[in-house]
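This report concerns only the one structure given below.
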Amino acid sequence: MTKWTVDYLSQASNKEVKIHVSTVPQMDFLSKNFVYRTLPFDVFVRRAAEAKHTEYFISEDEKYYLRSLGEDPRKDIADLQKQFPLLACDIQIPEYFEKEHFFSTVFRISSAGLQLWTHYDVMDNFLIQVTGKKRVVLYSPRDVPYLYLSGTKSEVLDVDKPDLKKYPLFVKAKRYECQLKAGDVLFIPALWFHNVISEEFGVGVNVFWKHLPSDCYDKTDTYGNKDLIAASRAVQILDRALKTLDELPEEYRDFYGRRMVLRIQEKTYSSNYE
């Protein structure tokens, strides 16, 4: 917590890293209100720690975010041992899972004030706050009807002042909030939605692991956020069913659509999560 200063981190690596650069604090993955750029790791760390920049891509107050990647992001997972070996030895991974279930360790370094979009992951994970402070807002998987999803991400960008004309059901989502300071570790269960603000420049490490059998997961998933294989297959089947319903007149489409919803509720909803 005290060792990882800007100077120490800067000396640990000068490898090129792909970063997000944004002129606004609220980053939106759906509208892509940021650009990707590449910087040497040491240069990135120093810039991310600054409030104003003498060297910049877009503006002097632009914000930076690093989500570390594998050597080839399409095939390789993020692993501190491989990408940042000098820093990996400083982190002790909590032993709450079998070593063979380990999936990835991800560096998350953010400028002060940066807010990440609300999303879920399909694996359990720890968020280890090494330096700096974060505010994390979480929502239960059961609140999915109120979060206006697009893929794994919520369209509601501002969770503090949401546009209730556009997202009226969002008020029904129950909010859980916590503050992370240096040394804190937050357990984020799979499927729980989370929205993160870096209240000051800081460094975090995400640890993901497979809590389900390996063959449940998409083998092309290097991030830990692709839907499970069976879930993806079910969604594809549902899309085909909906397309078939389009062949019906409106009154019949409405009727059979409601029947399908009831069938899904009866077969899949669990009273264990009410």
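FYI, the numbering just counts along the sequence from 1.
Two residues are said to be in side-chain contact when any heavy atoms from C-beta on lie closer than 4.5 Å; Phe126 and Asn206 fail this criterion. Within the 4.5 Å cutoff, the side chain of Asp124 has no heavy atoms near those of the Phe208 side chain. Side-chain contact between Tyr167 and Tyr148 is present, with at least one heavy-atom pair separated by less than 4.5 Å. Put simply, the side chain of Asp227 reaches to within 4.5 Å of the side chain of Val122, judged on heavy atoms. The side-chain heavy atoms of Trp4 and Asp90, taken from C-beta on, include a pair separated by under 4.5 Å. No side-chain heavy atom of Lys172 sits under 4.5 Å from any side-chain heavy atom of Asp143. In this structure, the side chains of Val196 and Arg135 stay at 4.5 Å or more apart for every pair of heavy atoms. Residues Val136 and Glu177 are not in side-chain contact: their nearest non-hydrogen atoms beyond the backbone lie 4.5 Å or more apart.
Atom OH of Tyr139 sits about 8.0 Å away from atom OG of Ser154, to the nearest 0.5 Å. In this structure, CD on Glu155 lies 6.5 Å from NZ on Lys166, to the nearest 0.5 angstrom. Taking CD1 from Ile19 and OG from Ser110, the interatomic distance works out to 11.0 Å, rounded to the nearest 0.5 Å. If you take CG on Leu30 and OG on Ser150, they are separated by 4.5 Å, rounding to the nearest 0.5 Å. Between the CG atom of Leu186 and the CG atom of Leu138 there is a distance of 6.0 Å, given to the nearest 0.5 Å. To the nearest 0.5 Å, the span separating CG on Asn125 from CD1 on Ile188 amounts to 4.5 Å.
The number of heavy atoms from other shown groups lying within 6.0 Å of CD (Glu100) is above 12. The environment of Tyr96 atom OH is sparse: at most 12 non-hydrogen atoms of other residues, nucleotides or ligands sit within 6.0 angstrom. Counting heavy atoms of neighbouring residues, nucleotides and ligands inside a 6.0 Å radius, atom NZ of Lys32 exceeds 12 of them. Gln265 CD: more than 12 foreign heavy atoms inside a 6.0 Å radius. More than 12 heavy atoms of other residues, nucleotides or ligands sit less than 6.0 Å from atom OH of Tyr8. Within a 6.0 Å radius of CE in Met1, other residues, nucleotides and ligands contribute 12 heavy atoms or fewer.
Side chains of Ser59 and Asp61: a donor on one and an acceptor on the other come within 3.5 Å. For Ser31 and Asp28, the side-chain atoms include at least one donor-acceptor pair closer than 3.5 Å. Checking His194 against Asp121 by side-chain atom types alone, a donor-acceptor pair falls below 3.5 Å. Side-chain contact, Gln11 with Asp42: no donor N or O sits under 3.5 Å from an acceptor N or O.
Leu191 and Ile229 are assigned to two separate hydrophobic clusters, defined by single-linkage of ILVMFWY side chains at heavy-atom distances under 4.5 Å. Hydrophobic clustering (side-chain heavy atoms under 4.5 Å, transitive across Ile, Leu, Val, Met, Phe, Trp, Tyr) keeps Met123 apart from Trp192. Hydrophobic clustering (ILVMFWY, side-chain heavy atoms < 4.5 Å, transitive): Leu157 and Leu164 are in distinct clusters. Leu180 and Phe193 are members of different hydrophobic clusters when ILVMFWY side chains are connected at heavy-atom separations under 4.5 Å. A continuous path of ILVMFWY side-chain contacts below 4.5 Å connects Val21 to Val203, so both sit in one hydrophobic cluster.
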Residue pair Asp160, Arg175: steps toward the salt bridge (charged side-chain N to carboxylate O under 4.0 Å, His left out) verdict
CA-CA 10 Å; Asp160 299 305; Arg175 172 186 178 124; 2.8 Å; yes
Which is it for Lys243 and Asp246 under the salt bridge (charged side-chain N to carboxylate O under 4.0 Å, His left out) test, yes or no, and what are the steps along the way?
CA-CA 5 Å; Lys243 192 172 182 180; Asp246 281 340; over 6 Å; no
What do the steps show when you test Gln115 against Val159 for side chain to side chain contact (heavy atoms under 4.5 Å, CB included), and what is the final call?
CA-CA 10 Å; Gln115 182 172 10; Val159 296; 4.1 Å; yes
Please lay out, stage by stage, how Thr220 and Lys226 fare under the test side-chain hydrogen bond (donor to acceptor under 3.5 Å, both in side chains).
CA-CA 9 Å; Thr220 66; Lys226 282 191 176 182; 2.8 Å; yes
side-chain hydrogen bond (donor to acceptor under 3.5 Å, both in side chains), that's the test. Do Tyr65 and Arg108 meet it? Break it down for me.
CA-CA 7 Å; Tyr65 169 59; Arg108 297 193 188 271; 2.5 Å; yes
Check against side chain to side chain contact (heavy atoms under 4.5 Å, CB included), Lys174 and Tyr176:
CA-CA 7 Å; Lys174 184 177 180 180; Tyr176 299 83; 3.5 Å; yes
Applying side chain to side chain contact (heavy atoms under 4.5 Å, CB included) to Phe170 and Asp163, what does each step give before you reach the verdict?
CA-CA 9 Å; Phe170 186 71; Asp163 182 345; over 6 Å; no
Derivation and outcome, salt bridge (charged side-chain N to carboxylate O under 4.0 Å, His left out), residues Asp72 and Arg74
CA-CA 5 Å; Asp72 182 346; Arg74 294 170 298 178; 3.4 Å; yes
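Within the cation-pi definition used here (under 6.0 Å to the ring centroid, within 45° of the axis), Arg47 qualifies as a partner of Phe57. Cation-pi check for Lys15 over Phe41 is not met; the charged atom does not lie both under 6.0 angstrom from the ring centroid and within 45 degrees of its normal. A cation-pi contact links Lys18 to Tyr36, judged by a cut-off of 6.0 Å to the six-membered ring centre and 45° from its axis.
In terms of heavy-atom proximity, Met260 sits nearest to Ala241 at CE-CB, 3.9 Å. Taking all atoms of both residues into account, the shortest heavy-atom contact from Ile128 to Pro94 is CD1-CD, 4.1 Å. Across every non-hydrogen atom of Ala12 and Leu86, the tightest pair is O-CD1, 3.5 Å.
At distances below 3.5 Å, not a single donor-acceptor pair connects side-chain atoms of Thr222 with backbone N or O atoms of Ile77. Looking at Asn33, its side chain does come within 3.5 Å of a backbone N or O of Gln26 through a donor-acceptor pair. Panel note: side chain Lys63, backbone Gly113; no donor-acceptor pair is recorded below 3.5 Å. Although no hydrogens or angles enter the test, the distance criterion places no donor-acceptor pair under 3.5 Å between the side chain of Ser104 and the main chain of Val106. No donor-acceptor pair closer than 3.5 Å links the side chain of Thr118 to the backbone N or O of Asn195.
Using a cutoff of 4.0 Å between basic side-chain nitrogens and carboxylate oxygens, Asp221 and Lys210 are not scored as salt-bridged. The pair Asp254-Arg259 fails the salt-bridge criterion, with no side-chain N (NZ, NE, NH1 or NH2) lying under 4.0 Å from an Asp/Glu carboxylate O.
Not less than 6.0 angstrom separates the ring centroid of Phe34 from the ring centroid of Tyr64. Aromatic rings from Trp117 and Phe29 are positioned such that their centres are separated by under 6.0 Å. Aromatic rings of His101 and His211 (six-membered ring for Trp) have centroids beyond the 6.0 Å cut-off, not under it.
Applying the side chain to side chain contact (heavy atoms under 4.5 Å, CB included) test between Val205 and each of Leu87, Val185, Leu127, Val130 identifies Val130 as the sole match.
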